[in-house]
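For reference, the structure discussed in these notes is given below.
Proteins come first, then strands; the chains are lettered A, B, ... in the order of their sequence lines, and each starts at number 1.
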Protein chains: 2
Amino acid sequence: MFMKLSNYTKIFKALSNEQRLKIFMMIYKNCCSPEGSKIGAEFRIKGESCCPVGGSLEKAFTKICDCMSLSRSTVSHHFKELQNAGLITCEREGQVYRCKVNTEVLDSIKDLMK
Amino acid sequence: MFMKLSNYTKIFKALSNEQRLKIFMMIYKNCCSPEGSKIGAEFRIKGESCCPVGGSLEKAFTKICDCMSLSRSTVSHHFKELQNAGLITCEREGQVYRCKVNTEVLDSIKDLMK
DNA sequence: AGTAGTATTCTAGAACAATCGAACTGCCTG
DNA sequence: CAGGCAGTTCGATTGTTCTAGAATACTACT
């Protein structure tokens, strides 16, 4: 159940940036809502609404960039860091960009602090 | 119960360095053992044993430095970062350097990930 | 195939973090 | 009160991270 220490630091590092933590929380609050948890947060490329909690995120990067005043490359970079730490998994299906939080990773953090 | 996002990032940043996480875990495993939790981990300046889990840490800095191949100034810096994030509190009484983990902070992390 | 929209990669600069050694302060203890 | 540990602060060096912009690649639609 326990990971190597360096895995933990990777995770903490990923969450140590405020922008990235925001993005993570957006995904987390989505995909861990009753329905969200089944499907993962959906980041649709076409659409209008922006960064809601409890629905799906539309027009992922562009909208997140607007919300957070970050460039696309930066947001892309943050997504990759989160994936790299194992905190989220993302996959693309046509125009839908689907992200899920890896709850096992969260569990092992809670374990570490038990 | 929830803190500002920037408080969380401070905490995660403090734990995002492997050396610092090691130091933190040493303190944590000490002061959260049955007896340890009452008194806090003790870092005695005189003594012999090194970096045990479940006792008190003797000759804190010197020994930790030996264990971890870090200079005193670096270790001192890491202690300060941990304190700064609110993860631990330290106080000195003569030759005894006493450290405690702030479990409320750990609780709010667990809350964030609930 | 061509175009538009969207994400990724690369690069580079600015800001920040980790680390050390040296100089310093404080507290015993002889 | 002098000497010696224990820890802190400072300055320098080296390495890492954040970020934007430009160039590139992927996807859908016409």
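Separating the CZ atom of B/F79 from the P atom of C/dT19 is a distance of 14 Å, rounded to the nearest angstrom. In this structure, B/L82 places its CG atom 11 Å from P of C/dA18, rounding to the nearest Å. Rounded to an integer number of Å, the gap from B/E18 CD to C/dA17 C1' is 16 Å.
Side chain of B/N102 to main chain of B/I88: no donor-acceptor pair is present (N/O by atom type, distance under 3.5 Å, no hydrogens or angles).
A donor-acceptor contact closer than 3.5 angstrom is absent between the side chains of A/S73 and A/S76. Judged by distance alone, the side chains of A/S71 and A/T74 do bring a donor and an acceptor atom under 3.5 Å apart.
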Next item on the list: List the protein contact pattern of nucleotides 16-22 of chain D with one symbol per nucleotide (5' to 3'): B for base contact, S for sugar-phosphate-only contact, - for none; contact means a heavy-atom distance under 4.0 Å.
Entry: -SSBBB-

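Note on A/K114 versus A/D111: no salt bridge recorded, every NZ/NE/NH1/NH2 to OD/OE distance being 4.0 Å or above.
Counting only heavy atoms from C-beta outward, the side chains of A/K22 and A/M25 never approach each other to under 4.5 Å.
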